[in-house]
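Since the model is a prediction, treat every value here as computed from it, not as a measurement.
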Amino acid sequence: GRLFMHIALFNAKLMSMVQVKIFDRESNQKYVFEKPIPGSAFKVAEGLYGTRTAYQKRKIDFVFENELERDELRVRLSIPKKGDFPGVDGELRLDTSKTEPQIVSIPFGDHRGMYSHKGLFPCEGSLDFRGESHAFTRDSGYAFIDDHKGYYDYQMQWGWLTGGAYLDDGTLVGINITKNASIDPE
């Protein structure tokens with residue numbers, strides 16, 4: 001597809017962040033929206049069954065609706081134009097019926113660690129971006145989720161690689177790996 005997006009609501013207790021990164025393969029340009037907000041600005045849902053995480057303030061509407069019991073996750077976002085970021089508006093629906101998510105526990109040491117609930121799912125919906133409407137269908141659009149919580153060091157370095165594609169036979173494949181503070185990276 002033409003657009004690669006990374007969208008996130010981070011909550012690090014003292015500080016939180018709304019983050020949208022969009023790479024347009026046609027123009028070879030990356031667009032970034034990052035808004036630091038108070039740590040109490042939203043509450044992260046506990047789990048992905050019948051829950052919701054949202055930040056809806058100051059012209060920003062960013063909602064994750066988690067309905068794994070109905071085989072669906074939904075993302076709605078409306079982020080205004082700011083600086084070099086052209087704004088984005090739309091909704092995506094992820095079909096979780098054909099993929100079993102992976103849940104891992106990653107040790108950091110000294111009684112610290114993280115869990116991560118990951119999955120790769122077909123998605124459908126549309127996004128308005130740079131004056132164009134971009135349609136996503138279940139046979140060509142896909143989305144990763146990486147819902148996680150961890151007890152990190154105050155200083156850390158994190159490398160992340162994510163990619164995916166539909167093979168010629170229609171099979172959806174992807175990779176989502178990190179190099180982080182794990183004491184057992186295998």
Side-chain angles (χ1 to χ4, degrees), residues 1-10 18-34 44-45 47-54 61-79 85-106 114-149 158-180 182 185-186:
R2 178 176 165 185
L3 300 180
F4 176 87
M5 293 182 17
H6 164 87
I7 58 175
L9 288 175
F10 293 104
V18 176
Q19 184 178 71
V20 178
K21 296 181 180 184
I22 301 174
F23 181 72
D24 184 338
R25 294 174 201 226
E26 191 173 280
S27 66
N28 201 34
Q29 291 200 329
K30 180 170 81 170
Y31 301 90
V32 177
F33 176 90
E34 292 181 325
V44 175
L48 299 175
Y49 291 87
T51 61
R52 182 178 190 267
T53 298
D61 184 27
F62 199 157
V63 180
F64 291 94
E65 293 178 326
N66 307 307
E67 302 288 343
L68 278 186
E69 70 278 8
R70 292 180 32 216
D71 293 326
E72 184 174 87
L73 301 171
R74 291 183 303 281
V75 179
R76 186 175 71 244
L77 71 154
S78 182
I79 308 291
F85 187 78
V88 63
D89 186 73
E91 185 170 328
L92 299 173
R93 291 168 304 286
L94 286 62
D95 176 3
T96 65
S97 67
K98 296 182 173 107
T99 303
E100 188 69 30
Q102 297 178 343
I103 302 170
V104 297
S105 177
I106 301 170
M114 72 175 280
Y115 80 86
S116 182
H117 191 145
K118 298 182 181 214
L120 172 61
F121 308 105
C123 75
E124 64 183 358
S126 66
L127 292 172
D128 293 330
F129 179 68
R130 296 185 64 217
E132 296 178 55
S133 182
H134 298 270
F136 297 85
T137 62
R138 289 178 191 229
D139 62 344
S140 65
Y142 60 89
F144 286 93
I145 63 160
D146 187 348
D147 174 58
H148 64 268
K149 179 177 184 176
W158 198 282
W160 203 330
L161 172 68
T162 300
Y166 280 94
L167 302 179
D168 290 340
D169 68 359
T171 303
L172 177 57
V173 297
I175 187 169
N176 180 352
I177 57 175
T178 60
K179 181 179 180 186
N180 56 34
S182 175
E186 298 299 318

- Message: I want to check something: taking the side chain as every heavy atom from C-beta on, are V18 and L9 in contact at a cut-off of under 4.5 Å?
- Response: yes

- Message: One pair to check against side chain to side chain contact (heavy atoms under 4.5 Å, CB included): L48 and I145. What are the steps and the verdict?
- Response: CA-CA 10 Å; L48 299 175; I145 63 160; 3.7 Å; yes

- Rounding to 0.5 Å, atoms CD (E34) and CZ (F85) come to a distance of 10.5 Å

- Task: To the nearest 0.5 angstrom, please state how far the CG atom of L172 sits from the CG atom of D139.
- Result: 11.0 Å

- Message: Give me the atom names and distance for the closest heavy-atom approach of A54 to V63.
- Response: CB-CG2, 3.9 Å

- Using atom types as modelled and distance alone, determine if a side-chain donor or acceptor of T99 lies under 3.5 Å from a backbone N or O of L120. yes

- What residues form a side-chain contact (heavy atoms from CB on, under 4.5 Å) with T162, not counting sequence neighbours? F144, W160, N176

- Audit row: K98, R138, side chain to side chain contact (heavy atoms under 4.5 Å, CB included) steps and yes/no: CA-CA 12 Å; K98 296 182 173 107; R138 289 178 191 229; over 6 Å; no

- Atom of L94, atom of A143 and distance for their closest heavy-atom approach: CD2-CB, 3.7 Å

- Does CD belonging to Q102 count more than 12 external heavy atoms closer than 6.0 Å? no

- Does T53 reach the main-chain N or O of A45 with its side chain, forming a donor-acceptor pair under 3.5 Å? yes

- Item | Contact check, side chains of D24 and F4, non-hydrogen atoms, under 4.5 Å | no

- Nearest heavy-atom neighbours spanning R52 and N66: N-ND2, 4.1 Å

- Message: Counting neighbours of CG on D169 that are heavy atoms of other residues, nucleotides or ligands and sit closer than 6.0 Å, is the number greater than 12?
- Response: yes

- Message: Please report the interatomic distance CZ(R76) to CG(D89), rounded to the nearest 0.5 Å.
- Response: 10.0 Å

- Query: Under 4.5 Å between any side-chain heavy atoms of Y31 and V88, yes or no?
  - Reply: no

- Measuring from F33:CZ to Q19:CD, what's the distance to the nearest 0.5 Å? 10.5 Å

- Note on the structure: Minimal heavy-atom distance between S116 and D146, with the atoms involved, is OG-OD1, 2.6 Å

- Message: Using 30° and 60° as the class boundaries, would you call the ring planes of Y166 and Y142 parallel, tilted or perpendicular?
- Response: perpendicular

- Main-chain N/O of G50 paired to E69 side chain as donor or acceptor, under 3.5 Å: yes

- Item | Closest non-hydrogen atom pair, D95 against F121 | O-CB, 3.5 Å

- Message: Can you confirm whether L68 sits close enough to Y49 that some side-chain heavy atom of one is under 4.5 Å from a side-chain heavy atom of the other?
- Response: yes

- Item | E72 vs E65, side chain to side chain contact (heavy atoms under 4.5 Å, CB included): CA-CA, chis, key distance, verdict | CA-CA 9 Å; E72 184 174 87; E65 293 178 326; over 6 Å; no

- Taken to the nearest 0.5 Å, the spacing of S27 OG from R2 CZ works out to 6.5 Å

- Carboxylate-amine/guanidinium contact R130 E26, below 4.0 Å: no

- Task: Measure the spacing between NZ of K30 and CZ of R25 and express it to the nearest 0.5 Å.
- Result: 14.0 Å

- Query: Does the side chain of L127 come within less than 4.5 Å of I22's, by heavy atoms?
  - Reply: no

